[in-house]
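For reference, the structure is listed below as structure tokens.
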Number of protein chains: 2
Amino acid sequence: METYEDGFSGRKTAEIVGISYRQLDYWARTNLVRPSLADAQGSGTRRRYSYRDLLELKVIKQLLDAGLKLESVRDVFAYLRESLGEDVTTANLVINGRNSVVVASGDELIDVLNAGQGVFNVLALGGVKQDLDASIVEFRPAGPELDSVESASAI
Amino acid sequence: METYEDGFSGRKTAEIVGISYRQLDYWARTNLVRPSLADAQGSGTRRRYSYRDLLELKVIKQLLDAGLKLESVRDVFAYLRESLGEDVTTANLVINGRNSVVVASGDELIDVLNAGQGVFNVLALGGVKQDLDASIVEFRPAGPELDSVESASAI
DNA sequence: CATAATGGTCACGTCGCGGTAGTTTCATCG
DNA sequence: CGATGAAACTACCGCGACGTGACCATTATG
């Protein structure tokens, strides 16, 4: 019985998140998202990505799909990593132009939008988690393990 | 007395908008924003940008500053050009991931944000116009012509 | 031990510019 | 009215970021 306690392989991760394997590899080598369970130690070794890694990767993919530059995403994640993890279901990610990153929730969002100048990028993290969980189920290899996603998503 | 009825030169435009001349040139060549008063006809000829051109350029700059890819900006402007022009002061520009572009106003914005999935890029157009007008005054060459901005901003 | 997976490396292509030299035009001056 | 210099645009080269594909090296695993 295969749960995801030991994480996800590179290929699998790319498939679930919806990016190319080369992208995942490139991001790992350029230090954007490293597999937190097991990093590569040379040719032939295997990377193992945690559920939280997948969550980050999915956020990144959403931001890229929204048209953000990878460079900006790198900046964002310098700040985001601390804030992410709590309230992933309810929080909104608000990116204000240069380097500022705010995580608001609910109506707070509207105040922020009304107050500030420039462009805001708004991402509902709840949707990201839903997408991710759905993809994990969808790309499950064989027999339906009913608790696999739940156990994996225990951050 | 120099009004801006005959538009702005390339250098001046770049200065006012706050971008490099190379960027402006590149954007003109690659068909993102062409000077609508007079396009270049060969080496030595002059481009003349209208006030509306500056407005578009300023919007582009804001989007780039927010971390958007130039490629996405191109997609946006394919749709935006029709909608831009009315209600520049009150409208909000909402960019939803791939190719969808919506111009909402006021509280409509909140509904849109609550409804949809993914990332939204929100830009208040009023702020852009204010910035632009201020920059035009700031970079005025010599004597203060009080009505120059007003006459120019008559779209 | 055999072999399928996986990471490493290199070459290649595109995008978005920056730098610089060349060319044309415009304004001005003699 | 022709020369002259500044201003503006074009052409061309190059660079870094972001991948992609192919192929090789190595390892996990049955």
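A note on names: the letters A, B, ... follow the listed sequences, proteins ahead of strands, and every chain is numbered from 1. Everything numeric here is computed off the predicted structure, so don't read it as measured data.
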Worksheet item: Once you round it to whole Å, what is the distance between C1' of C/dC15 and CZ of B/R74?
Response: 9 Å
Discussion item. Between A/K12 and A/F139 (side chain of the first, backbone of the second, donor and acceptor by atom type, cut-off under 3.5 Å), is there such a pair?
Written reply: yes
Worksheet item: Rounding to a whole Å, what distance do you find between A/N31:CG and D/dA17:P?
Response: 14 Å
Worksheet item: Could you state the CG-P distance from B/D25 to D/dC12, rounded to the nearest angstrom?
Response: 14 Å
Discussion item. Regarding A/G10, tell me which of base, sugar-phosphate or nothing describes its non-hydrogen contacts under 4.0 Å with the strands shown.
Written reply: nothing
Discussion item. What is the distance, to the nearest angstrom, from the CD1 atom on B/I60 to the C1' atom on C/dG16?
Written reply: 14 Å
Practice prompt. Nearest whole angstrom, please: distance from the P of C/dT6 to the CG of A/L37.
Written response: 16 Å
Practice prompt. From the options D/dG19, C/dC17, D/dA8, select the nucleotide whose nearest atom is closest to the side chain of A/W27.
Written response: D/dG19
Worksheet entry | Check: B/R48 side chain, B/G7 main-chain N or O, donor-acceptor pair, under 3.5 Å | yes
Worksheet item: Any donor and acceptor pair, going by atom type alone, linking the side chain of B/N121 with main-chain N or O of A/V119 inside 3.5 Å?
Response: no
Practice prompt. Would you kindly say whether A/R47 and A/T13 are connected by a side-chain donor-acceptor distance under 3.5 Å?
Written response: no
Practice prompt. Can you check each nucleotide of nucleotides 20-30 of chain D against protein heavy atoms at under 4.0 Å and return B for base, S for sugar-phosphate only, - for none, in 5' to 3' order?
Written response: SBB--BBSS--
Worksheet item: Below 4.0 angstrom from OP1 or OP2 of D/dT10, is there any side-chain N or O of B/R47?
Response: yes
Worksheet item: B/S9 near the nucleic acid: base, sugar-phosphate alone, or nothing, with a heavy-atom cut-off under 4.0 Å?
Response: sugar-phosphate
Worksheet, complete the sentence: Whole-Å distance, B/L64 CG to C/dC17 C1', equals 11 Å
Worksheet item: Does the distance from a Lys or Arg side-chain N to an Asp or Glu carboxylate O, for B/E15 and B/R11, drop under 4.0 Å?
Response: no
Worksheet entry | d(CG, A/L68; P, D/dA17) in whole Å | 19 Å
Worksheet item: Which of the following nucleotides, C/dG8, D/dA8, D/dG19, is nearest to the side chain of A/L70?
Response: D/dG19
Discussion item. Does either side chain, that of B/S72 or that of B/D75, offer a donor lying less than 3.5 Å from an acceptor on the other one?
Written reply: no
Fill in: Between D/dC18 (C1') and A/L24 (CG): distance, integer Å
15 Å
Worksheet item: Does any N or O in the side chain of A/D53 come within less than 3.5 Å of the main-chain N or O of A/S50, such that one atom is a donor and the other an acceptor?
Response: yes
